[in-house]
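For reference, the structure is listed below as structure tokens.
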Amino acid sequence: MDGGDDDALYVLTAVLLTPAQFPSVLGDDYPEACTALGLEPYAEGYGLVLGQDGQGARWTVATEDVSLVACAIAAWDCGMEYDLSPGERTVAAVLPGWPLAVAVAAPGIPAPHDPGPDPELDDGRAPLSPPDTASWGPAQRRLGADEIALQWAHWRARVDADVTFVEPGEQPDGRVRHVLKEARAYLDSPPPPGRVRSTFATEQARTVRADGPGWSLVARTDDIAFVLLDEEPGEILPVGRGPELPGLLKALDELAIRPDAAA
């Protein structure tokens with residue numbers, strides 16, 4: 001991105017950090033994800049550019065040019081090349097390390113490593129590193145919910161094969177009831193931005209994602225929901241439609257922040 005080879009950033013990947021779309025592994029909501037990176041949770045959000053300098057050191061550049069990063073991600077997803085070079089005026093922060101796991105490296109330079117101390121950038125914080133997902137906890141719980149949202153048909157088919165739902169009118173178990181109660185409370189007291197999100201699923205349905213202290217919920221507005229809990233390692237609790245869920249999902253969808261606001 002800059003002058004000489006040592007100063008240049010070899011871009012490896014990029015992600016959005018906005019109220020509607022952020023790496024949920026970093027937090028239950030947008031402000032929490034920003035705090036993990038030491039950034040102010042501005043409403044407009046950021047684009048995060050992850051790369052290496054000429055010495056192979058890991059760097060994360062936070063740019064206020066969200067549209068530029070969104071265009072780059074869309075182009076890459078289509079298999080197209082895109083030169084992602086945020087202008088210096090749009091750079092909000094240059095952070096050592098990477099907040100997410102990156103499986104690739106720039107060719108022809110040393111292997112990825114954390115940079116050494118830089119008096120101009122050193123604010124006392126350790127270099128960014130991905131959250132620990134080796135054992136079950138909030139980060140892995142949120143990643144599990146991400147996976148269900150991405151692979152809905154797969155997880156839905158497993159439920160059809162293995163689970164008998166609670167009949168309408170019956171109460172779900174206490175763990176699920178607690179999550180539904182907390183999610184419903186969001187309707188009266190809106191949570192921090194990004195705690196409830198909605199994305200396109202089909203012409204008739206949306207995918208609703210809600211997170212809270214110790215829990216994640218992912219659902220389709222025309223279907224069921226899945227609940228994951230910090231206190232239940234690796235367990236996925238399906239929630240049948242019943243009398244309560246359809247109205248709750250509709251209300252959460254109306255409350256949610258959408259990346260495709262025009263949809």
Side-chain angles (χ1 to χ4, degrees), residues 14-30 33 45 66-67 69-79 100 139-166 168 172 176 179-187 190-212 215-229 235-263:
V15 295
L16 295 179
L17 179 66
T18 69
Q21 191 172 350
F22 58 90
S24 58
V25 69
L26 298 178
D28 284 327
D29 52 54
Y30 171 65
V66 176
S67 296
V69 175
C71 288
I73 294 171
W76 295 338
D77 286 346
C78 294
L100 306 171
Q140 196 172 78
R141 177 250 302 168
R142 292 188 293 263
L143 285 177
D146 289 347
E147 180 65 19
I148 292 172
L150 288 172
Q151 304 291 336
W152 180 267
H154 167 74
W155 289 99
R156 187 63 174 89
R158 292 183 61 175
V159 167
D160 284 339
D162 300 336
V163 174
T164 300
F165 287 115
V166 174
V176 169
V179 170
L180 297 181
K181 180 180 179 180
E182 290 206 349
R184 184 169 292 280
Y186 288 165
L187 307 181
R195 189 69 67 92
V196 182
R197 289 168 281 163
S198 173
T199 56
F200 176 85
T202 70
E203 291 295 334
Q204 291 78 34
R206 307 282 301 182
T207 296
V208 173
R209 170 68 178 275
D211 294 277
W215 59 267
S216 292
L217 179 147
V218 58
R220 290 277 181 95
T221 53
D222 64 346
D223 203 352
I224 67 170
F226 293 95
V227 167
L228 296 88
L229 302 168
E235 187 171 356
I236 299 171
L237 304 173
V239 184
R241 294 286 284 176
E244 178 182 0
L245 191 66
L248 175 60
L249 295 181
K250 182 177 184 294
L252 288 174
D253 177 51
E254 292 172 351
L255 171 70
I257 295 177
R258 304 184 176 198
D260 47 352

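As a basis for the values below, the full set of heavy atoms in this structure was taken, side chains included, without hydrogen atoms, waters or symmetry mates.
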Set of side chain to side chain contact (heavy atoms under 4.5 Å, CB included) partners for A74, sequence neighbours left out:
none
Which residues pass the salt bridge (charged side-chain N to carboxylate O under 4.0 Å, His left out) test with R197, sequence neighbours left out?
D211
Would you call D222 and R241 a salt bridge, using N to O less than 4.0 angstrom?
no
Quick one: side chain to side chain contact (heavy atoms under 4.5 Å, CB included) partners of L187, sequence neighbours excluded?
R184, L248, A251, L252, L255
If you compare all heavy atoms of G194 against all heavy atoms of I257, which two are closest, and at what distance to 0.1 Å?
N-CD1, 3.7 Å
Applying side chain to side chain donor-acceptor pair (under 3.5 Å), can you list everything that pairs with Q151, at least two apart in sequence or on another chain?
none
Between R141 and S216, do the side chains contain an N or O donor and an N or O acceptor separated by less than 3.5 Å?
yes
Taking side chain to side chain donor-acceptor pair (under 3.5 Å) as the test, write out the residues that go with T221, two or more places apart.
none
Looking at residues at least two apart in the chain, or sitting in another chain, which of them share a salt bridge (charged side-chain N to carboxylate O under 4.0 Å, His left out) with D223?
R156
Ignoring hydrogens and geometry, is there a side-chain-to-backbone donor-acceptor pair from R206 to S198 under 3.5 Å?
yes
Can you sort out the partners of I236 under side chain to side chain contact (heavy atoms under 4.5 Å, CB included), two or more places apart, ordered by chain and number?
I148, W155, F226, L228
Mind checking side chain to side chain donor-acceptor pair (under 3.5 Å) for D146 and listing every partner two or more places apart, or none if nothing turns up?
S24, R209
Name all residues meeting the side chain to side chain contact (heavy atoms under 4.5 Å, CB included) criterion together with A72; count only those two or more places apart in sequence or in a different chain, and write none if there are none.
W76, Y82, L84
Under the salt bridge (charged side-chain N to carboxylate O under 4.0 Å, His left out) test, which residues partner E182, sequence neighbours left out?
none
List in chain and number order the residues that pass salt bridge (charged side-chain N to carboxylate O under 4.0 Å, His left out) with E147, two or more places apart in sequence or in another chain; answer none if no residue qualifies.
none
